Amino acid sequence: MKLLNHDSKATTRIASYEIFRTQYLNPDGSLIADPPAFTKDREQARAMYALMLRTRLFDKKAVALQRTGQLGTYAAVLGQEAIGVAIGHSLADDDIFIPGYREYAAQFARGVPLRAILQYWGGDERGMDYPAGTPAHHDFPLSVPIATQVPHAIGVAYAMKLRGEKRVVLASCGDGATSKGDFYEAVSSAKIWNLPIVFLISNNGWAISMPSHRQTGAQTFAQKGLAGGINGEQVDGNDVIATRAVLSAAIERARNGEGPSLVEALTYRLHDHTTADDARRYRPEAEVTAAWERCPVKRFKAYIEAQGFWNQADEDALVAEGTAAAEAAAQEFLKLKPAAPESMFDHLYASLPKALEWQRDEVAARGPVQGAH
Amino acid sequence: MKLLNHDSKATTRIASYEIFRTQYLNPDGSLIADPPAFTKDREQARAMYALMLRTRLFDKKAVALQRTGQLGTYAAVLGQEAIGVAIGHSLADDDIFIPGYREYAAQFARGVPLRAILQYWGGDERGMDYPAGTPAHHDFPLSVPIATQVPHAIGVAYAMKLRGEKRVVLASCGDGATSKGDFYEAVSSAKIWNLPIVFLISNNGWAISMPSHRQTGAQTFAQKGLAGGINGEQVDGNDVIATRAVLSAAIERARNGEGPSLVEALTYRLHDHTTADDARRYRPEAEVTAAWERCPVKRFKAYIEAQGFWNQADEDALVAEGTAAAEAAAQEFLKLKPAAPESMFDHLYASLPKALEWQRDEVAARGPVQGAH
Amino acid sequence: MARTVQKSGVLPVPNITLIEAVNLAMASEMRRDPNVVVLGEDIGRNGGVFRATLGLLDEFGEGRVIDTPLAETLVAAMAIGLSTQGIKAVAEIQFSGFLYPCVDQVVNHAARYRNRTRGRMSCPLVIRAPNSGGIHAPEHHSESLETTFAQMPGLRVVCPSSPARAYGLLLAAIRDPDPVIFLEPTRLYRLFKQPVEDDGEALPLDSCFIDRSGADLTLVSWGAMMHDTRLVADQLAEEGISAEVIDIATLKPLDMATILASVAKTGRCVIVSESPRAGGWASEVAANLAEHGLLSLFAPVMRVAGYDTVMPLAQLERSYIPDTDRILREVRKLFEMAPK
Amino acid sequence: MARTVQKSGVLPVPNITLIEAVNLAMASEMRRDPNVVVLGEDIGRNGGVFRATLGLLDEFGEGRVIDTPLAETLVAAMAIGLSTQGIKAVAEIQFSGFLYPCVDQVVNHAARYRNRTRGRMSCPLVIRAPNSGGIHAPEHHSESLETTFAQMPGLRVVCPSSPARAYGLLLAAIRDPDPVIFLEPTRLYRLFKQPVEDDGEALPLDSCFIDRSGADLTLVSWGAMMHDTRLVADQLAEEGISAEVIDIATLKPLDMATILASVAKTGRCVIVSESPRAGGWASEVAANLAEHGLLSLFAPVMRVAGYDTVMPLAQLERSYIPDTDRILREVRKLFEMAPK
Ligand SMILES: Cc1ncc(C[n+]2csc(CCOP(=O)(O)OP(=O)(O)O)c2C)c(N)n1
Ligand SMILES: Cc1ncc(C[n+]2csc(CCOP(=O)(O)OP(=O)(O)O)c2C)c(N)n1
Ligand SMILES: [Mg+2]
Ligand SMILES: [Mg+2]
């Protein structure tokens, strides 16, 4: 990239950068290279697979609830489950996860109840009050305003560093999110203080109807890290082994004081953007069909089967158990009584200002209103 | 930059980028490499030098006016004049310039009267009404909210492209400005439509009290272009030959449909940030002294003298003429009557809504108010 | 949803929804004026998340129907850049809660370029967004942003309340030489239909609409809340109370003359707004009444507004949004204090 | 300017300016609470463009005095991130006109994390900025932003009007468990001094201050305009008119009880504000009077406010900012309409 192309002594190279990509598993589950140690651990491998499949079963249930009018708009994670699993299996309990809105697998791993996710999309704030005693309790809730959660990582990581803690922040967002200034202001500044942050971009090919190649002029999303002098790397996000390996490496770098990294995980959104979307309007069906070949669940299952870690009986048991868990979460959600209307004032401030008491009283006096959920 | 350092087949290089830097003139005016053709043109070289020195003389006058209470806060361009000269001599009349607030040389080249700059810093909006019939008339005014002008280039360039015009937009900002989301949202998207834009970063080493190396983790500001897949290149901004050469190349690329570029021009702010600032609070004097060695005026003067394009008589005449011009601009400015107070409503909307007429009348009835300029 | 492409004259006037009227106005003005473009997230092939731009890509092509990256500051800034070049940019922001990243660009630039350059430059742009709640949408999709913008000098703020007004006011907004924030009532998008003729007739941007005349009470509202306000007037009519109903529609600049004239007649006023009460535009109307209408008031000026808390998620949104019950209660209070 | 490092008790109480009081409050609270940090552009070695953070870097070090990149969205977001971890972040935005890029983060996150998570998280942060005009500053340096934030649920908005109040209110703001927007009156920064004891005593964040009692008229203001308002009260006293002067100071939540009690006594009210009239916080006060104070009013509620145009550059700013003449004229109108 030279503006002046003549081969003059006036022009010298002052920096150069390379972008790498990592993938261990072929779509059929066969290995490209010798995988990291954790893949040899039967229990870990089984746990990762179980989380992935359970998440898929939950997702299916959530979509079904929405389709039958029992849930509000829901953002499915179909096809992207491996990334959440990799996050869940890479972060330490003490670390802080700042999610976008699709990483349910990671949230489940950190203690968010399945029911809570339904509650949130069902229009109940109580779904974001993750249980005390779990890592999720100190994690951030889902963030709907795209990319705006990413710069919170700067403050969170700064606090950790100020206190001399060896903790790490992982902030995730989508490919579309990388177009927002909020994303960039975080990436541009993280290295100033050498903060323990991993920025994760789940590049699922689409931001609603915009294909990722029309989102920016950049050839990769990984290279957006270069704008902040940050290690940026791509990984096959449908390969849970590679994703966990790269994330773990980034997390450990951060933990060891080596500063921030950025990871672009390539995946694919197999579902509509949300249940309110109809992707057939803008997306060729053939692309979706082809993408199913790269399905992360299928791929990792083939791998653990080949390792002798998994068999059909295991699969049947997991499907039954995961389906039941999703069903139980749905029942729990559906049985919840809506919050009292006046609860809309309960957490506005630490304590309600006197000037607002009459409003709370008015809402309480009216009681539940027709037309509500 | 590999997160996974083991030398595995799993990791492959998918992209690489290089950042180049161009400089023709040594600080003493001697040549590093054979310069572009325009440097051999006596009249052009003299015109470039004259603009540079006139700008410096104007700048000196403006600071003096402020120091004597005759002007508001003023942002000096001392030490950065070459960049404005290069812009002024690279853009075509039809192109559109979207400045920050220090590129007076470029503005003068495009037809902004010296007096108008004083007017603006003197607190008079009329200073932004650049004269009809000059290229400046379709340029943007100074922009105080840092970086916010940069994304306007996207819309302006899109309009040019939509109309099939072969025009170019040059949007400039400082090193500090590159930390803002507005800067990035422009850079990230310019290549989507392959827009005819040149982004210019005047890296003068400081953003008020923040040295540029504490502004971001990026090693160069040029590489911020990579975040948008844009050619990013560095140039010695105190070398007017190199700066003009690189800007012209970028402008011609844009004009020929080859899309956006980003240029980082390395310069140095020899003055305080503005007249309201005292840089001794935060900046070592030795750094400033050293920077004077790289002064763009001195450097180019040595070059044109060596070429036989310039001599002491030329210099004396130019100093006299430039000083007189600055003085005349100051007198013109000082003699201006303040605008009528009610003029604050004259350009709020194309025509004043009825609902606001009483306000305009009230201001008019009061007339000029004590304590005003 | 079928596109409504309607030439005036021979064909029957179609009965359309508010969102179809928005679509029609854009299509109609884009046919009329080649300098009009639309831009925003997912507005091209997808036709916008509410389908406001449906069919525009096919008719006008990629050049004039611009799918932008996911960056609201950029959308506003790009619209500014376009508009300075005489391209009338009609930008869509997907949901009201995502308007905030536009505030800096809109306030510091769009609303100021004309003033700053003493008329040398201008920003004839429109920023459209769905506004207010009631459709069980996710977080940040149901906010009411009109006051945030109406406060700002140099802008116009428009909130239509019917298909016909949406059509006429959007035409006016696009043609206006200055920046207009056009906030569409999400829950009225498909609530009812109206015959709307594509006659290219714009509505005024500086006058309230008197929806119906009345003698006993002035009801003032705009946008989505106009629907409930009209229902209240119906109910009151049955009770023998004659309410004058005023749709502000063009909040900024505010046509207080019409409201003052009405209150001079009725002596009672209730202002209905969904945005939070404290500092809302209802307060601006009430403040003007306190200054210029005090002597004609028989009773306090009542505001029925959204509460001063965060817009709740879907389960409680109906407890937040004013409804006919809440409006009627305030009206009855008024008539208790100052009987007819 | 000398740093004021003052231990209460034995030493004499220093006479300090408002900006020194701001500095003192931060230093004092940083000594008391190791979890307090300050951040912003040029606040470290440079001590802030107004020198509000002078000396803090030397005393508390780089860890707690954070020079940020030039990115206001980041400053707000970083403060949010810090505050969720129990670090009380006191962020400075350099000039009021650069607060707009913070709006999204402040409204959609700072003001909501507690509510969104049902109390699991919170954002005990302060965003400080100079506010309003009158010092011949460049473009975008003189805006009055209080209403933009006061409108927003979940925030507190504070505008001090004297050194003592700046000290006590800033302490309160830093200690408050929720986000506070703290807007300092630029032109009062060095206008006068007051004895301020560094006693660590915070002032309440939900009560108006009654600056002086009066019987004939209630003058309400806040921030920089309090200065002119006090001068007007002096002038009126000479004329035998007794004005009660109320400093709202803590605009949100708004203590209307104090204002209503005052107007119940005086029957006349003039509200003075520098921010634009339409949709300004003066309108909120007036609207409350129109609703809850109507029966005690002898005369219309007058607002003296900034005009509904862009804040002019320095040469005309004095024609824009309300002054004693403009306030007095409205007061005299009131007494003409409703003589004492
Ligand atoms: C600031 C903002 N603008 C617009 C939206 C509406 N919106 C929701 S998701 C989405 C696309 C996000 O794309 P991406 O970041 O790639 O994430 P993905 O949904 O693909 O996981 C948009 C535009 C939003 N939520 N926030
Ligand atoms: C949005 C915004 N934030 C803060 C400021 C105050 N300010 C004016 S100039 C400046 C530093 C700009 O640095 P840089 O971009 O490097 O330009 P330089 O002044 O060095 O030419 C700052 C912080 C501003 N004008 N706008
Ligand atoms: Mg995506
Ligand atoms: Mg700089």
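Keep in mind that this is a model prediction, so the values were computed, not measured. Each chain gets a letter, A, B and so on, in the order the sequences are listed, and its residues count up from 1.
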Taking all atoms of both residues into account, what is the closest heavy-atom pair of B:Thr216 and A:Ser188, and its distance?
OG1-O, 2.8 Å
Taking only heavy atoms into account, what residues of residues 143-162 of chain A are found under 4.5 Å from chain B?
none
Which of residues 169-180 of chain A have a heavy atom under 4.5 Å from any heavy atom of chain B?
A:Thr178, A:Ser179, A:Lys180
Measuring only between side-chain heavy atoms, which start at C-beta, is A:Gln219 closer than 4.5 Å to B:Lys191?
yes
Non-hydrogen side-chain atoms of A:Gln234 and B:Ile14 separated by less than 4.5 Å:
yes
Does any donor atom in the side chain of B:Tyr184 or A:Lys224 lie under 3.5 Å from an acceptor atom in the other side chain?
yes
Chain B: which of A:Gly217, A:Gly181, A:Ala33 shares the most heavy-atom pairs with it under 4.5 Å?
A:Gly217
A:Glu252, A:Glu185, A:Lys9: which one forms the most heavy-atom pairs within less than 4.5 Å of chain B?
A:Glu185
Donor-acceptor pair, distance only, cut-off 3.5 Å: does the side chain of [X] make one with the backbone of [Y]?
{"X": "A:Gln223", "Y": "B:Ala227", "value": "no"}
{"X": "B:Gln23", "Y": "A:Ala10", "value": "no"}
{"X": "A:Glu18", "Y": "B:Ser16", "value": "no"}

Which portion of [X] sits near chain B, non-hydrogen atoms under 4.5 angstrom:
{"X": "A:Val263", "result": "side chain"}
{"X": "A:Phe183", "result": "side chain"}
{"X": "A:Ala15", "result": "both"}

